[in-house]
Amino acid sequence: MRTPSTSRHLHRRRLVTAALTAAALIATTALSACGGSADAKDDAGTLRIGYQRFGGLSLVKARDATPGVQWSLFESGPALTEALKAGSIDIGQVGEAPPVFAAAGKIPFSVIGTSAPIPQGEAVLVKADSGYRTFADLKGKRVALNKGSNVHWLLVRLLEANNMTLQDIDVKYLKPAEGRPAFDNGQVDAWVIWDPYFALAEQPGVRVLADATGLASNREYVLAAPDAVEHRSDEIRTFLQRYREVTDWGIANPQERARILAPELKIPEDVTSRALARSAKPLAPVGPDIGDELQAITDSFISLGLIPGPIDMRSRIDDRFSEVFR
């Protein structure tokens, strides 16, 4: 049986042990917060890149052209901009509409690069045996697309070109992984989609009703977190230079590009080649003209009530890396 003095001794020892443990935890936390550990220091020095399957950054990753960076894969542009908001990536590549919706959501980012126009890289698909011959024939029909992605702007432009409004069609907002089965199974009448999902869906029995030619540029945009732009500009410039070099190499070597990318994209090489033939374009610098283009897209979305305004997209343009793309 324990005596009172023994119990008091054990109690004091437990208190000392608890205090030492707490002190050790505080010290460890402080070191981590200050970058005192090797792991924390390594994480802080890694450039974090967000990419989508098939975009120009996929080839950079597939060729391992920028060792030392951390890659994160996203299904669509809106998901990628959410990662920018969360602070989990430094640079990412998206289509036309995601920067607009991101700005509407007050996500901080700068537009630091773009591409030549890619209007053939997105399209409206219908079943070949349907009676639809023009987009106007889809009035009252079910049209699927990914909300806030590049094809959202294509839909707006198609509606304008055919004197229609959003109320004239039954819009179904579906992610690519949801849109394909819905289209295949007849749950929607048309699917507005981009490459490589576009190329994958080009099977017998499927017809292209319209693409973005004459309607939308369908550019790719390179977005960056403002903190990374301000404090890691040299690393970003080096990364963008390799990105430019790999993109130019891919355009000059289409067969080798498709061979390398097909395993990365997890799609057949012939499908990869078909998609790349129309959708792989050179990178381009940003300037006032790009700001005007994005502002026009933004103003249209605001006028349709799809996002709240006002939004100044021109102020998001940052041309400090433009010499890399010229």
Side-chain angles (χ1 to χ4, degrees), residues 47-52 54-69 71 77 80 84 89-100 102-103 109-122 150 153 195 212-213 216-254 256-257 260-261 276-298 312-326:
L47 201 60
R48 302 164 302 167
I49 311 299
Y51 75 108
Q52 299 179 63
F54 187 73
L57 288 176
S58 289
L59 185 59
V60 179
K61 179 179 182 295
R63 293 194 69 194
D64 194 23
T66 54
V69 306
W71 294 94
L80 190 149
L84 275 172
I89 60 173
D90 300 307
I91 298 174
Q93 178 193 49
V94 299
E96 285 178 314
V100 173
F109 67 88
S110 298
V111 182
I112 62 172
T114 186
S115 74
I118 316 169
Q120 297 85 7
E122 57 180 357
N150 55 336
W153 175 234
D195 274 324
T213 301
S217 295
N218 190 33
R219 299 179 189 269
E220 292 183 348
Y221 287 94
V222 183
L223 310 185
D227 185 66
V229 170
E230 291 301 323
H231 301 294
R232 308 183 68 179
S233 60
D234 288 344
E235 294 168 72
I236 291 175
R237 186 172 287 103
T238 299
F239 176 82
L240 294 178
Q241 183 62 48
R242 292 297 295 136
Y243 180 15
R244 162 73 186 277
E245 291 167 358
V246 170
T247 299
D248 291 347
W249 174 88
I251 292 170
N253 299 273
E256 184 70 3
R257 176 183 62 191
I260 292 172
L261 261 183
L276 288 168
R278 62 186 170 219
S279 292
K281 301 294 182 180
L283 296 172
V286 294
D289 58 327
I290 298 300
D292 292 343
E293 194 169 308
L294 280 172
Q295 190 64 54
I297 297 171
T298 303
D312 181 10
M313 286 301 294
R314 294 183 180 92
S315 66
R316 301 282 186 144
I317 303 297
D318 190 326
D319 65 358
R320 75 182 70 189
F321 304 106
S322 288
E323 76 280 359
V324 173
F325 301 122
R326 286 194 168 92

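Nothing fancy with the numbering, it's 1 onward along the sequence.
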Flag, side chain of Q93 to backbone of G56, donor-acceptor distance under 3.5 Å: yes
Test item: S279 side-chain N/O and Q120 main-chain N/O as donor-acceptor pair under 3.5 Å: no
V229 and F321: CA distance, side-chain angles, deciding distance, side chain to side chain contact (heavy atoms under 4.5 Å, CB included) verdict: CA-CA 10 Å; V229 170; F321 304 106; 4.2 Å; yes
Residue of the set R237, R244, E245 for which side-chain hydrogen bond (donor to acceptor under 3.5 Å, both in side chains) holds with Q241: E245
Any side-chain heavy-atom pair of P282 and I251 under 4.5 Å: yes
Any donor-acceptor pair under 3.5 Å from S115 side chain to E220 backbone: yes
With sequence neighbours excluded, residues passing ring pair (Phe, Tyr, Trp, His ring centres under 6.0 Å) with Y51: W71
Audit row: L57, F239, side chain to side chain contact (heavy atoms under 4.5 Å, CB included) steps and yes/no: CA-CA 11 Å; L57 288 176; F239 176 82; 3.8 Å; yes
Side chain proximity check, L283 to L240, heavy atoms < 4.5 angstrom: no
N/O donor-acceptor pair under 3.5 Å between E96 side chain and N218 backbone: yes
L294/R314 under side chain to side chain contact (heavy atoms under 4.5 Å, CB included): CA gap, chis, key distance, verdict: CA-CA 7 Å; L294 280 172; R314 294 183 180 92; over 6 Å; no
Test side chain to side chain contact (heavy atoms under 4.5 Å, CB included) applied to V60 and R242, step by step: CA-CA 8 Å; V60 179; R242 292 297 295 136; 5.6 Å; no
Lys/Arg cation over aromatic F109: R316, 6.0 Å, 45° cone: yes
Expected output: side-chain T114 to main-chain Y221 donor-acceptor under 3.5 Å: no
Separation between CG of N150 and CZ of R219, rounded to the nearest 0.5 Å: 13.5 Å
Backbone of G121 reached by a side-chain donor or acceptor of R278 within 3.5 Å: no
Heavy-atom donor-acceptor pair, D319 side chain to V286 backbone, under 3.5 Å: no
